[in-house]
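First up is the structure itself, then whatever we jot down about it.
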Amino acid sequence: MGIQGLLPFLKNILTPSHIRNYRGCTVAIDAYCWLHKGAFACAEKLAAGEKTDMYVYYCMKYINMLLSYDIKPILVLDGCHLPSKKNVEKKRRERRELNRKKAAQLLRDGKRKEARDALVQCIDITPQMALELMNACRDKGVDCITAPYEADAQLAYLSQTGIAQVIITEDSDLILFGCHTIMFKMDTSGAGMLIQNKDLNKAMKLQDAHYTFDKFRYMCMLSGCDYHANLPGIGLSKACKAMKLTRQIDVRLILKKIPMLLNIRNLTVSAEYIEGFIRADNTFLYQLVFDPLSRKLTPLNPYPPGVKAEDMHYAGPPMSPDHAFQLALGNMDIQGNRIANFDPAPRSQSWINDTEKTPYLLSIWDPNYKPRGQVPEGEEPTRPSTKGKEVLLQAMGISKPKANEQRRKSEPPLKPIKKGWFR
DNA sequence: CCCTAGTGATACTG
DNA sequence: TCTCGTCACTAGGG
């Protein structure tokens, strides 16, 4: 998953941090990471098909921790599979089935320890489990959104539009999708490692004048990604070297020059490799996401002139706006069956009397919701007071409204929201 | 010498 | 029928 070895490669810009530094902010969460870890707590029961909600409690431990720091969490879940990943999913299913049979045999042989090892290899996170978590979150007034396709692209959209100031995940792909600020390896206390998009040039050891985010993404993709394999023998170090040696910006020309740049004689870059590379790049750039404000599907970044949605079916085939909306709300599964009846409309409560000052604390489905915007200079924001807590809880419908406060006036103005900022 | 790619051990328990 | 692993270590290739 993700880019092999990317986090160790970025160790120079990985900084220890704590989520309490984002008091009053919105944090979007890659729900799969928590569900996967939580599933280990009840692997036997899940494999046996027994009813358990241990994994929900595991995830809610994180949610409650975030709420205790006056942070607004948004849980992001995966939606439909991309067409290009059908084969990968099939292989994973087969691998799980194989381990399931292995575990059963080991159990019959009385080898309990080995049986468990095989068993944990076959646990899968079902949409049903994701729904249980969504229900638990919404009981607490925590926003959830299911991506039309991959949660990765949806999380990047929330980061780029200023809806979320931090993304919590374990998946290094989020860096390629263009998130501003990402926290990796966050534990239940809120401690983790932070990566900021603005520091990536330092990791590549490139001067500002020669660095572009495109170069960083090409480097990662050259070393191999989920959408496209690498050239044999090319990892991050060699890919970085190649990207530093060229001033070319045309991807096709860069790829053709790779054997020359790296001085590798018997390396051929086929036309198929180049076309596959560009499809993968477009999947990072233009994957379909759901915009909760307009309630419409949109590509993560605006299409360049002349490109239409039909040219990008591999980055997520178009679907009807209502289908995407019901999927986003968690009312419909990826097969198109109705599984819930969550209606966000009644959420807009007029008794929340501070929405002019903190509209970003409302539900993202509330008509009065407004993104908070980017944190100035990408630094960790330090809040002057802890008064935000009451406001956040009010907005979530947990506690009664209290007196307003005027802390916003002392803060620097937020940067305007800019789409496609890294180009 | 650096770098890639494979191996084995390992995960969780309001 | 139903959603993604990762890390440390190292052999072996260029």
Side-chain angles (χ1 to χ4, degrees), chain A residues 1-9 11 30-47 49 52-65 76-82 85-93 95-97 99-100 113-114 116-133 136 140 146-147 149-155 169-174 184-185 187-188 222-227 229-242 259 262-267 327 332-337 339:
Chain A
M1 270 310 295
I3 307 298
Q4 292 241 348
L6 183 54
L7 291 187
F9 184 86
K11 64 176 183 292
D30 192 349
Y32 177 85
C33 303
W34 292 351
L35 279 169
H36 188 257
K37 279 193 280 187
F40 282 98
C42 45
E44 281 96 344
K45 287 193 173 180
L46 287 174
T52 175
D53 48 7
M54 198 75 80
Y55 59 91
V56 176
Y57 282 112
Y58 180 89
C59 297
M60 294 315 286
K61 206 158 57 178
Y62 283 93
I63 292 285
N64 290 328
M65 181 271 293
V76 180
L77 298 111
D78 284 287
C80 304
H81 298 302
L82 288 178
K85 283 199 156 181
K86 281 275 152 60
N87 290 332
V88 185
E89 294 299 331
K90 194 178 173 186
K91 277 186 181 157
R92 282 172 183 155
R93 266 201 302 278
R95 182 175 170 275
R96 283 199 294 266
E97 194 52 41
N99 276 296
R100 198 187 309 276
K113 179 75 178 72
E114 284 124 311
R116 163 148 182 108
D117 288 346
L119 205 128
V120 297
Q121 309 263 358
C122 72
I123 56 171
D124 58 340
I125 310 300
T126 64
Q128 185 59 240
M129 292 167 68
L131 182 64
E132 302 281 349
L133 177 58
K140 276 194 162 279
T146 303
Y149 294 98
E150 294 181 306
D152 305 36
Q154 185 69 40
L155 287 158
T169 186
E170 305 295 331
D171 186 350
S172 56
D173 274 345
L174 272 291
F184 291 95
K185 304 183 190 307
D187 60 27
T188 46
L222 274 168
S223 78
C225 65
D226 287 357
Y227 308 136
N230 60 341
L231 293 163
I234 306 295
L236 275 172
S237 294
K238 285 181 184 172
C240 184
K241 184 183 171 191
L262 295 176
N263 218 352
I264 306 175
R265 286 168 176 273
N266 44 6
L267 180 68
L327 185 64
M332 192 179 278
D333 66 15
I334 57 176
Q335 278 83 31
N337 307 308
I339 53 174

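Letters A, B, ... mirror the listed sequences (proteins, then strands); counts begin at 1.
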Across the strands shown, which category fits [X] at heavy-atom distances under 4.0 angstrom: base, sugar-phosphate, nothing?
X        : result
A:Ile334 : sugar-phosphate
A:Asp333 : nothing
A:Val120 : base
A:Glu44  : nothing
A:Leu236 : sugar-phosphate
A:Glu150 : nothing
A:Ala130 : base
A:Asp30  : base

Short side-chain N/O contact to [N] OP1/OP2 from [X], under 4.0 Å:
X        : N      : value
A:Arg92  : C:dT3  : no
A:His81  : C:dT3  : yes
A:Lys61  : B:dT13 : yes
A:Lys185 : C:dC7  : yes
A:Asn230 : B:dA5  : yes
A:Arg93  : C:dC4  : no

Checklist entry - Does the side-chain contact (heavy atoms from CB on, under 4.5 Å) test come out yes or no for A:Glu132 and A:Asp53, once each step is laid out? => result CA-CA 8 Å; A:Glu132 302 281 349; A:Asp53 48 7; over 6 Å; no
[atom1] gap between [N] and [M], integer Å:
N      : M      : atom1 : value
C:dG5  : B:dG8  : C1'   : 14 Å
B:dA11 : C:dT6  : C1'   : 9 Å
C:dC9  : B:dT10 : P     : 13 Å
C:dT3  : B:dC12 : P     : 25 Å

Is a donor on one side and an acceptor on the other found under 3.5 Å between the side chain of [X] and the backbone of [Y]?
X        : Y        : answer
A:Asp78  : A:Ala151 : yes
A:Glu150 : A:Gly79  : no
A:Thr169 : A:Asp30  : no

Checklist entry - For A:Tyr32 and C:dC4, are the ring centres under 5.5 Å apart with planes inclined under 30°? => result yes
[X], nearest nucleotide to its side chain (from [options]):
X        : options               : result
A:Tyr58  : B:dC12, B:dT4, C:dT3  : B:dC12
A:Thr126 : C:dC4, B:dT4, C:dC2   : C:dC2
A:Met1   : C:dT6, B:dC3, B:dA11  : C:dT6
A:Lys238 : B:dC3, C:dT3, B:dT13  : B:dC3
A:Asp117 : C:dC4, B:dT10, B:dC12 : B:dT10

Checklist outcome for this item: The residue, A:Pro8 or A:Asp171, whose nearest nucleotide of DNA chain C is more 5′ is A:Asp171
Item to check | Nearest-nucleotide 5' precedence on DNA chain C, A:Gln128 against A:Ser172 | outcome: A:Gln128
How long is the line joining [atom1] of [X] and [atom2] of [N], in whole Å?
X        : N      : atom1 : atom2 : answer
A:Leu46  : B:dT13 : CG    : P     : 14 Å
A:Phe40  : B:dT10 : CZ    : P     : 14 Å
A:Leu231 : C:dG13 : CG    : C1'   : 17 Å
A:Leu174 : C:dC4  : CG    : C1'   : 12 Å
A:Lys11  : C:dA8  : NZ    : P     : 11 Å
A:Leu119 : B:dT13 : CG    : C1'   : 15 Å
A:Asp173 : C:dG5  : CG    : P     : 12 Å
A:Ile123 : C:dC4  : CD1   : P     : 11 Å

Item to check | Close side-chain approach of A:Pro127 and A:Ile339, heavy atoms under 4.5 Å | outcome: no
Item to check | Note, A:Lys113 side chain near A:Asp117 side chain (heavy atom, < 4.5 Å) | outcome: yes
Checklist entry - If each of A:Arg116 and A:Ser237 is mapped to the nucleotide of DNA chain B with the nearest heavy atom, which maps nearer the 5' terminus, i.e. the 5' end? => result A:Ser237
Next on the checklist: Return whichever of A:Gln4 or A:Ala41 has its heavy-atom-nearest nucleotide of DNA chain B closer to the 5' end.
Outcome noted: A:Gln4
Next on the checklist: Between A:Glu89 and A:Arg92, does any side-chain N to carboxylate O distance fall below 4.0 Å?
Outcome noted: yes
Item to check | Greater than 12 external heavy atoms within 6.0 Å of A:Lys85's NZ | outcome: yes
